[in-house]
Amino acid sequence: MNYWLVKSEPDECGIDDFVASGDKPIRWDGIRNYQARNFLRAMRPGDQVLLYHSSCKQIGVAGVLEVVTAPYVDPLQFEPDSDYYDAKASTDKPKWSAVDLRLVGKARQILPLATLKQLSALQTCALLTRPRLSVMSLTENEWQAIIKALGHLQLFSEAKG
DNA sequence: GCCAACGTTGGC
DNA sequence: GCCAACGTTGGC
């Protein structure tokens with residue numbers, strides 16, 4: 001079991017999109033950074049993922065997702081009309097990957113960045129030390145610290161009964 | 001292979 | 001909207 005954190009602007013794809021999608025997974029695509037891609041390629045079905053909302057009113061952890069599929073070729077790299085088109089990628093030599101993610105639970109309230117910054121377990125976490133990295137692994141310790149902060153505040157609710 | 005210019009991310 | 005951080009590009 002591995003732990004991850006992914007960032008997204010909620011206008012693009014946020015926790016409410018996962019709530020609306022219910023059991024149906026959403027493809028996590030459009031990653032166009034090599035380090036983020038390499039983390040994404042290490043994802044395995046069943047891995048747990050925190051969803052972080054960036055560049056928005058309420059910045060912070062918005063909920064928990066899980067990995068549904070193994071990584072596969074991101075089809076958007078081949079679509080010229082897509083924002084995520086990559087002219088250098090070919091079906092012979094695809095460059096970018098995607099996985100499918102599904103909702104586990106939504107936070108009752110966003111766990112704000114300001115709070116995350118105060119957690120001692122996160123002082124060396126990539127979320128705080130590596131700005132602009134949009135997919136990262138978390139240690140079990142980092143994961144537990146965030147889950148505890150979510151749970152202790154009773155922020156967590158089951159998305160589906 | 002170096003590095004300046006440029007573009008993007010993302011908090012504030 | 002500003003700007004710091006930093007990844008990418010491209011000239012040499």
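Here is the naming used below: chain letters follow the sequence lines, and residue numbers restart at 1 for every chain. This is a predicted model, so every value here is computed, not measured.
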Query - Those residues that, when tested against Tyr72(A), pass side-chain hydrogen bond (donor to acceptor under 3.5 Å, both in side chains) (two or more places apart) - result: Asp100(A)

Query raised in the report: Of the residues in residues 27-39 of chain A, which ones touch DNA chain C at a heavy-atom distance under 4.0 Å?
Result: Asn33(A), Tyr34(A)

Report task. Could you list the residues that satisfy side-chain contact (heavy atoms from CB on, under 4.5 Å) with Gln58(A), not counting sequence neighbours? Result -> Ile110(A)

Query raised in the report: By ring-ring contact (aromatic ring centres under 6.0 Å, His included), which residues pair with Phe39(A), not counting sequence neighbours?
Result: none

Report task. Mind checking side-chain contact (heavy atoms from CB on, under 4.5 Å) for Asn141(A) and listing every partner two or more places apart, or none if nothing turns up? Result -> Ala121(A), Thr139(A)

**Report entry** Global bending angle along the helix from dG1(B)-dC12(C) to dC12(B)-dG1(C), which compares the axes of five pairs at either end, to 10 degrees
**Finding:** 10°

**Report entry** Pair listing, side chain to side chain donor-acceptor pair (under 3.5 Å) test, anchored in residues 39-52 of chain A, at least two apart
**Finding:** Asn2(A)-Asp47(A), Trp4(A)-Asp47(A), Arg41(A)-Ser97(A)

Requested in this report: Would you indicate whether the side-chain heavy atoms of Pro25(A) and Thr69(A) approach each other to under 4.5 Å?
Outcome: no

Query - All side-chain contact (heavy atoms from CB on, under 4.5 Å) counterparts of Asn33(A), not counting sequence neighbours - result: Gln35(A), Ala36(A), Leu133(A)

Query - Other cluster members, Leu76(A) - Ile/Leu/Val/Met/Phe/Trp/Tyr, side-chain contacts below 4.5 Å - result: Tyr84(A)

Close N/O contacts between protein and nucleotides 8-11 of chain B (under 3.5 Å):
unit_1  : atom_1 : unit_2    : atom_2 : d
dT8(B)  : O2     : Arg132(A) : NH2    : 3.2
dG10(B) : OP1    : Lys7(A)   : NZ     : 3.2
dG11(B) : OP1    : Tyr52(A)  : OH     : 2.6
dG11(B) : OP2    : Ser55(A)  : N      : 3.0

Query raised in the report: Excluding sequence neighbours, so at least two apart, what forms salt bridge (charged side-chain N to carboxylate O under 4.0 Å, His left out) with Lys95(A)?
Result: Asp86(A)

Requested in this report: Identify, with sequence neighbours excluded, every residue that meets ring-ring contact (aromatic ring centres under 6.0 Å, His included) alongside Tyr34(A).
Outcome: Trp96(A)

